[in-house]
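To keep things clear, I will list the structure first and then write my remarks on it.
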Amino acid sequence: MNLDILPIGLYGENSYVLHDQGHVLFIDPGRYAKKIASCVKDNEIVDGIVLTHGHEDHTGAVDDLCDLYHCPVYMHSSDLSLIDPDQQGKGYDGPVYAKITPVKEKMQIGIFSVSFLHTPGHTAGSICMKYRNLLFTGDTLFASDIGRTDLFSGSEADMMQSLQVFNNLPDDLIVLPGHGPSSTIGEEKARNPYLQF
């Protein structure tokens with residue numbers, strides 16, 4: 001298993017390229033599809049794209065990557081309005097024309113056996129994706145911080161409820177957030193003030 005981390009775009013959003021057994025999964029491809037695609041080897045197969053939520057800094061390269069790889073796209077159904085071309089103007093939204101498959105709690109995406117945690121707060125459809133010992137947390141959980149809750153469909157009350165999920169996860173789980181450096185669940189339990197309540 002190998003992971004490319006590409007902090008790109010105006011907000012330094014982390015776009016992830018996850019490699020395993022000759023297969024690839026894109027997580028939150030925010031911009032610059034060619035740069036993201038350059039991480040894929042000629043003999044690798046792209047199994048899909050996962051979006052942790054519907055903000056444009058996490059979705060901007062989706063359509064271009066779908067054109068290149070003809071792969072499915074997965075996201076929580078509660079964020080579909082953020083990417084719907086006919087429902088723009090909510091703030092940090094951007095149209096995605098690719099077909100979206102709603103996530104379930106456990107899914108098989110190509111060779112990747114993944115599980116999803118629905119963690120509303122930053123947006124109504126925010127999710128975290130777990131694969132092996134990796135947890136992609138989007139804009140829900142950062143190193144020593146959390147995502148903002150004042151945007152469309154955000155909710156401070158929902159965020160506080162969602163954060164309780166992390167206290168029940170294994171300490172050695174690697175946290176891979178939508179912005180900023182990686183961490184572990186154990187480190188976040190110890191130092192993140194939002195997990196101390």
Side-chain angles (χ1 to χ4, degrees), residues 1-76 79-101 103 109-112 114 116 122-123 125-129 131 134-143 145 147-148 151-152 154 174-183:
M1 184 175 67
N2 185 42
L3 182 68
D4 294 304
I5 305 173
L6 305 172
I8 55 179
L10 180 63
Y11 305 106
E13 183 269 332
N14 291 325
S15 293
Y16 294 100
V17 183
L18 177 62
H19 309 257
D20 205 351
Q21 302 175 55
H23 290 252
V24 169
L25 196 60
F26 297 124
I27 299 99
D28 287 350
R31 203 172 296 276
Y32 309 131
K34 288 183 180 179
K35 182 175 182 179
I36 294 170
S38 70
C39 297
V40 180
K41 298 179 177 66
D42 290 340
N43 61 343
E44 288 185 310
I45 299 168
V46 175
D47 287 345
I49 299 172
V50 171
L51 305 176
T52 62
H53 63 290
H55 285 158
E56 59 89 21
D57 56 324
H58 294 251
T59 67
V62 168
D63 287 324
D64 287 339
L65 290 170
C66 283
D67 287 344
L68 281 171
Y69 298 107
H70 309 289
C71 56
V73 184
Y74 301 86
M75 188 180 75
H76 196 279
D79 268 11
L80 288 176
S81 67
L82 288 172
I83 62 169
D84 187 336
D86 296 323
Q87 298 186 54
Q88 296 297 288
K90 299 176 176 69
Y92 295 102
D93 51 354
V96 173
Y97 294 90
K99 180 184 176 182
I100 303 296
T101 300
V103 298
I109 302 176
I111 63 101
F112 297 93
V114 299
F116 292 101
H122 181 62
T123 65
S126 287
I127 55 173
C128 299
M129 186 190 84
Y131 179 67
L134 307 178
L135 186 69
F136 299 88
T137 57
D139 286 4
T140 298
L141 183 68
F142 302 136
D145 204 356
R148 57 191 293 188
L151 301 173
F152 176 81
I174 297 170
V175 173
L176 296 158
H179 304 266
S182 60
S183 181

Atom of C39, atom of L6 and distance for their closest heavy-atom approach: SG-CD1, 3.8 Å

Kindly say whether P177 contributes a backbone atom to a donor-acceptor pair with the side chain of N14 at under 3.5 angstrom? yes

Side-chain donor/acceptor of D28 to backbone N/O of T52, under 3.5 Å: yes

Rounded to the nearest 0.5 Å, how far does CZ of F116 lie from CD1 of I127? 5.0 Å

Less than 4.5 Å apart, side chain to side chain, heavy atoms only: is that true for S15 and Y32? no

With Y131, which residues qualify under side chain to side chain donor-acceptor pair (under 3.5 Å), at least two apart? D20

Return yes if some donor-acceptor pair links the side-chain N/O of Q88 with the main-chain N/O of G94 below 3.5 Å, else return no. yes

Do the non-hydrogen side-chain atoms of C128 and L141 ever get within less than 4.5 Å of each other? no

For residues A98 and V62, report the shortest heavy-atom separation together with the two atoms involved. CB-CG1, 4.3 Å

What's the spacing between L51 CG and I83 CD1 if we round to 0.5 Å? 6.5 Å

Give the C-alpha distance, both sets of side-chain angles, the deciding distance and a yes or no for side-chain contact (heavy atoms from CB on, under 4.5 Å) between E44 and H23. CA-CA 5 Å; E44 288 185 310; H23 290 252; over 6 Å; no

Heavy atoms, side chains only, cut-off 4.5 Å: are I8 and I36 in contact? yes

If I take atom CG from residue L3 and atom CG from residue L134, how far apart are they, to the nearest 0.5 angstrom? 6.5 Å

I'd like to know if the side chain of D63 reaches the main chain of Y97, judged simply by a donor and an acceptor atom lying under 3.5 Å from each other, with no hydrogens or angles considered. yes

Does any non-hydrogen side-chain atom of Y11 lie less than 4.5 Å from one of R31? no

Can the ring centroids of Y69 and F26 be said to lie less than 6.0 angstrom from one another? yes

Which atom pair, heavy atoms only, marks the closest approach of K90 to D93? N-OD2, 2.9 Å

Side chain to side chain contact (heavy atoms under 4.5 Å, CB included) with V17: of V24, N2, L25, only one passes, and it is V24

Shortest non-hydrogen contact between T140 and S126, atoms and distance: OG1-CB, 3.8 Å

Would a 4.5 Å heavy-atom cut-off, applied to side chains only, mark Y16 and D4 as touching? no

Is the ring pair Y92/H55 parallel, tilted or perpendicular, if the boundaries are 30 and 60 degrees? tilted

Can you name the closest pair of heavy atoms from S81 and F152 and give their distance? OG-CE2, 4.0 Å

In Å, rounded to the nearest 0.5 Å, how long is the span from CD1 of I174 to CZ of F136? 9.5 Å

First locate atom CG of D57, then atom CD of E13, and finally report the distance between them rounded to the nearest 0.5 Å. 5.5 Å

How close do C66 and C71 get, counting heavy atoms only, and between which atoms? SG-O, 3.6 Å

I need the M1 CE to H19 NE2 distance, nearest 0.5 Å. 11.5 Å

Heavy-atom side-chain proximity of H58 to H179 below 4.5 angstrom: yes

Candidate list L80, V103, I49, test side chain to side chain contact (heavy atoms under 4.5 Å, CB included), partner M75, passing option: L80

